[in-house]
Structures are given as structure tokens and as C-alpha cells.
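Each chain gets a letter, A, B and so on, in the order the sequences are listed, and its residues count up from 1.
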2 protein chains.
Amino acid sequence: MAETMRVHTLMGEDLLFLTDDKLRRGIEAMFFAYRAFTADPDLILAGLDYGRAHHRALHFIHRDPGLTVTALLDVLGVTKQSLNRVLRTLIEDGLVESRVGRRDRRERHLHLTEKGAALERRLSEAQRARMRQAYRAAGPQAVAGFRQVLEAMMDPETRAQYQSMKDLPE
Amino acid sequence: MAETMRVHTLMGEDLLFLTDDKLRRGIEAMFFAYRAFTADPDLILAGLDYGRAHHRALHFIHRDPGLTVTALLDVLGVTKQSLNRVLRTLIEDGLVESRVGRRDRRERHLHLTEKGAALERRLSEAQRARMRQAYRAAGPQAVAGFRQVLEAMMDPETRAQYQSMKDLPE
DNA sequence: TTGGAAAGTCAACAACACTGCCCTATCAAG
DNA sequence: CTTGATAGGGCAGTGTTGTTGACTTTCCAA
């Protein structure tokens with residue numbers, strides 16, 4: 001509230017983008033866009049007895065093959081029990097392989113099987129298609145801004161984690 | 001896949017932002033940012049026996065006082081039953097008032113009570129604080145791009161709905 | 001007067017998150 | 001070699017949010 005007031009009294013031409021109304025519009029845009037963002041994979045998953053959690057697990061195992069359960073837990077930000085349920089079904093169904101660590105035999109290193117990789121491709125291509133269309137419609141400069149705002153929105157630890165993620169060789 | 005190939009062969013300097021890797025980074029940014037985006041209100045709601053659905057209902061009733069249940073249903077994109085459970089608790093707890101329509105007495109027009117408005121303010125101020133900080137950090141040009149990409153990502157009907165929403169008089 | 005739209009209710013179910021507690025296997029340090 | 005910490009897995013119970021499907025009540029409008 002005090003924040004808002006300061007903005008309104010300064011009103012340094014450029015600060016209009018910090019108006020409560022502008023912020024509210026941004027919040028609503030996030031809500032609607034995220035709903036669309038998840039809609040395409042959700043549709044595919046619905047027919048397979050899987051959910052969003054399975055998609056996320058497949059995604060991060062794909063991006064970093066051999067990562068440990070703890071590492072995945074850390075990225076996803078959920079509890080062990082929550083992930084375990086998802087992981088168990090993926091392993092049972094032969095989409096994910098869990099290999100005992102060679103240096104440290106307590107660790108389980110996660111890999112996608114061919115079947116798992118196929119589903120991951122199908123899901124992420126659906127999601128990328130929407131993202132690609134949005135990026136193309138908005139243009140490179142808008143995309144840069146999009147990424148900047150999203151990164152600024154993350155918790156600092158998450159942002160550090162995100163920024164340190166290696167690029168995938170295509 | 002054909003899509004990707006075309007990008008790589010054209011490679012018109014500016015089209016690098018449509019690389020599969022760039023798209024994947026955007027997807028991950030959405031995931032992490034949305035998690036942060038909902039974290040602050042979630043924390044407040046946790047102590048009150050409410051959830052995200054309650055927040056969303058309060059938000060849209062606040063933004064458009066007197067809207068009907070069907071209109072709210074349409075904005076939220078959930079089933080009547082799902083909304084009804086949420087709405088019932090909000091009405092029972094005295095946060096939302098349901099008034100019988102005067103023109104059409106089948107309709108229920110939804111309004112926030114003083115108590116409901118107070119919670120809505122508390123929730124949305126928490127969410128705005130994060131958005132404000134992100135906007136400030138990224139700057140006006142980035143914010144414009146952010147909004148453009150989010151809008152382009154929405155389903156066309158949702159986008160039309162979003163764009164036709166009236167601005168709230170502050 | 002009758003059909004249909006709007007609103008609401010009930011039951012059943014599933015996904016996904018949580019907490020709390022218990023267990024094994026393994027590693028590392030005293 | 002014992003002991004404590006770490007990695008992983010499992011079970012039971014709970015809560016929110018979403019879904020279908022079937023049903024009723026209310027009430028406007030042709």
C-alpha cells in the first residue's frame with residue numbers, strides 16, 4: 001500500500017508499469033497462460049493414467065540422465081513420498097530405469113528407457129509447439145523480456161539452480 | 001521435428017530463439033516461476049483451511065462484483081461441482097455473499113463481504129509484491145515482452161476473454 | 001403449459017500434494 | 001568395528017482440487 005502510494009506520487013513516466021492494476025493484469029495473464037501451458041500435455045497424459053507429476057519427472061530425467069533421486073527431489077520441490085509414488089509407476093511400467101550407484105551404492109541413478117524417451121518426446125513436443133507458436137508471434141525481443149521477468153519472479157535459490165542448469169546438446 | 005529442421009536450415013540470425021533448447025528453457029522458466037508465483041498466497045491460505053481455488057474465486061469476484069456463478073465458472077474453467085464446493089465454504093464462512101438476481105431470479109450474483117474483501121486484499125498484496133519486485137528488476141520493456149508472450153500462449157477464446165476484461169478503477 | 005436454462009446437490013473417484021513414522025542399505029568417521 | 005548420518009523406499013492417513021454422472025428445484029420464455 002505504501003509501495004503503491006510512492007509509485008503514484010513519483011509517477012516517473014516509466015513507473016506506470018508498477019501500478020496495482022498493471023500488476024493484477026500480469027497476475028491474471030500468468031494464470032491463464034499457465035493453464036494453456038499445461039493443457040496439451042495433460043490431454044496426452046489423461047489417456048495413459050499418468051499426470052503432470054509424471055511429465056515433470058520424465059522431463060528432468062531426460063534433461064539430466066543419471067541424476068539421483070535426491071537431485072530430482074530437489075529440482076521438483078516435492079516430498080520424497082510424493083515423488084516415490086510417481087517414480088514407482090514409471091519404473092514398473094518400464095519408462096524409467098533405476099541403476100544402483102557405482103561410487104555410492106546407496107544412490108539410485110535415473111535413466112529413461114526407449115519407451116520413456118518416446119513419451120517424453122511426445123509430451124514435450126506438444127508443449128514446445130505451443131511455446132514455439134507464442135515465441136514466433138511475440139518475437140525475439142518479447143521473448144527476452146518474458147524470460148527476464150520469469151527469472152526475476154523465482155525464489156533466489158531456484159533461480160540459481162535454473163541458471164546453472166546445463167544446456168542440452170540438441 | 002520438421003519444424004525444428006526448417007529453423008536450423010533457415011537460421012535467419014533472429015530465428016535462433018525458436019531452437020528446441022531455447023523453447024525448453026522457456027518451459028522450465030514457466031514451471032519454476034509459476035511455483036514461486038503461487039507460493040506466497042499458498043502460505044497464507046494454508047493456515048486458513050483454504051486453497052488456491054478459494055483464492056481464485058475471491059480474485060475474480062473482487063474484480064467483477066455481482067458476476068453470476070456461470071460467468072465465474074467460465075473464467076475459472078472448472079466444473080460446476082468443483083466450484084460449488086469452494087463457493088459453499090466461502091459463503092458459509094461469510095466471505096462471499098450470493099444474491100438472487102433481480103431481473104432473472106435463477107441467477108446468483110456474487111459479492112465479497114467486508115471480511116472476504118479483507119482476505120482478498122491480503123492474498124493479492126502478497127502476490128503483487130512478488131510481481132512488483134520482478135517487474136521492477138526486469139524493467140518496462142521486459143514487462144511488455146512478458147505480457148506479449150503470455151497472451152500469445154493462451155487459447156484464443158481465453159485470450160479474447162482476458163483482453164475484454166475491464167480495467168479495475170484503482 | 002411446457003421445454004429448457006440456471007443453479008445447486010449428492011455420491012464416487014482420482015491425482016497429487018502433505019505429515020509422521022518406520023525400515024534397510026550403505027558410507028564415513030571415530 | 002561401532003556409531004551416526006545419508007540415500008532410498010514404504011505404509012498409513014489426510015486434504016485440496018479436480019473429474020463424471022445422476023438428480024432436483026427454480027423459474028423464464030415461447
Side-chain angles (χ1 to χ4, degrees), chain A residues 31 34-35 38-39 41-59 61 66-93 96-111 123, chain B residues 31 34-35 38-39 41-61 66-93 96-110 123:
Chain A
F31 169 61
Y34 196 79
R35 199 171 62 188
T38 56
D42 280 359
L43 215 64
I44 296 173
L45 292 158
L48 302 174
D49 269 26
Y50 294 131
R52 251 176 239 184
H54 298 85
H55 180 193
R56 294 198 283 259
L58 291 176
H59 176 100
I61 295 172
L67 90 172
T68 63
V69 173
T70 308
L72 182 55
L73 230 39
D74 209 47
V75 175
L76 294 176
V78 297
T79 58
K80 195 174 48 166
Q81 291 81 348
S82 205
L83 174 60
N84 210 267
R85 193 170 359 110
V86 166
L87 223 42
R88 193 167 51 234
T89 69
L90 289 175
I91 292 170
E92 278 171 6
D93 295 353
V96 168
E97 204 184 335
S98 168
R99 301 183 196 156
V100 172
R102 305 189 341 156
R103 250 190 6 224
D104 186 335
R105 293 170 45 82
R106 289 172 304 180
E107 294 178 344
R108 299 301 131 90
H109 297 271
L110 304 170
H111 298 264
L123 290 169
Chain B
F31 169 61
Y34 195 79
R35 198 170 62 187
T38 55
D42 280 358
L43 215 64
I44 296 172
L45 291 158
L48 301 175
D49 269 23
Y50 294 132
R52 255 177 234 181
H54 298 86
H55 180 193
R56 294 198 283 258
L58 290 175
H59 176 99
F60 286 106
I61 296 172
L67 89 171
T68 63
V69 172
T70 307
L72 182 54
L73 229 38
D74 210 47
V75 175
L76 294 176
V78 296
T79 58
K80 195 172 47 168
Q81 293 83 341
S82 201
L83 175 60
N84 210 266
R85 197 172 351 143
V86 166
L87 224 41
R88 189 167 53 234
T89 69
L90 290 174
I91 292 170
E92 278 171 5
D93 296 351
V96 168
E97 205 183 335
S98 168
R99 300 184 196 154
V100 173
R102 308 198 330 165
R103 252 191 4 224
D104 185 335
R105 292 170 45 83
R106 289 169 302 182
E107 294 177 344
R108 300 299 131 92
H109 298 269
L110 303 170
L123 291 169

When you compare the protein's N or O atoms with those of nucleotides 17-19 of chain C, which come within less than 3.5 Å of each other, and at what distance?
residue	atom	partner	partner atom	Å
C/dA17	OP1	A/R56	NH2	2.4
C/dA17	O5'	A/S82	OG	3.3
C/dA17	N7	A/R85	NH2	3.0
C/dC18	OP2	A/T79	N	2.7
C/dC18	OP2	A/T79	OG1	2.7

Could you pull out all donor-acceptor pairs under 3.5 Å where a side-chain atom in residues 46-55 of chain B meets a protein atom, sequence neighbours excluded?
residue	atom	partner	partner atom	Å
B/Y50	OH	B/D93	OD2	2.3
B/R52	NE	B/D42	OD1	3.3
B/R52	NE	B/D42	OD2	3.1
B/R52	NH2	B/T38	OG1	3.3
B/R52	NH2	B/D42	OD2	2.8
B/H54	ND1	B/G51	N	2.9
B/H54	NE2	B/T89	OG1	3.2

* Asked: Between B/H109 and B/L67, is a side-chain contact (heavy atoms from CB on, under 4.5 Å) present by the stated rule, with each step listed?
  -> CA-CA 5 Å; B/H109 298 269; B/L67 89 171; over 6 Å; no
May I have the distance from [X] (atom [atom1]) to [N] (atom [atom2]), rounded to whole angstrom?
X	N	atom1	atom2	result
A/L67	D/dA7	CG	P	13 Å
A/D74	D/dT6	CG	P	14 Å
A/L90	D/dG9	CG	P	12 Å
A/E107	D/dA5	CD	C1'	14 Å
B/L76	D/dT19	CG	C1'	16 Å
A/N84	C/dC23	CG	P	17 Å
B/D42	D/dT17	CG	P	9 Å
A/L45	D/dG18	CG	P	18 Å

In chain order, what residues pass the side chain to side chain contact (heavy atoms under 4.5 Å, CB included) check against [X], with sequence neighbours excluded?
X	value
A/R99	A/E97, A/H111
B/R105	B/V100
B/D74	B/Q161
A/D104	A/R106, A/E107

* To do: Test A/L87 against A/I61 for side-chain contact (heavy atoms from CB on, under 4.5 Å), laying out the working first.
  => CA-CA 11 Å; A/L87 223 42; A/I61 295 172; 4.3 Å; yes
What nitrogen or oxygen pairs link the protein and nucleotides 26-30 of chain D at under 3.5 Å?
residue	atom	partner	partner atom	Å
D/dC27	OP1	B/R105	NH2	3.3
D/dC28	OP1	B/R105	N	3.3

* Cation-aromatic face contact B/R56/B/F60, 6.0 Å, 45 degrees -> no
* To do: Establish, with yes or no, whether the OP1 or OP2 oxygen of C/dA15 is under 4.0 angstrom from a side-chain nitrogen or oxygen of A/H54.
  => no
* Asked: Which pairs count as salt bridge (Lys or Arg N to Asp or Glu O under 4.0 Å) when at least one residue sits in residues 75-84 of chain B, sequence neighbours excluded?
  -> none
* Assign each of B/A71 and A/Y50 to its nearest nucleotide of DNA chain C by heavy atoms, then name whichever residue's nucleotide is nearer the 5' end. => B/A71
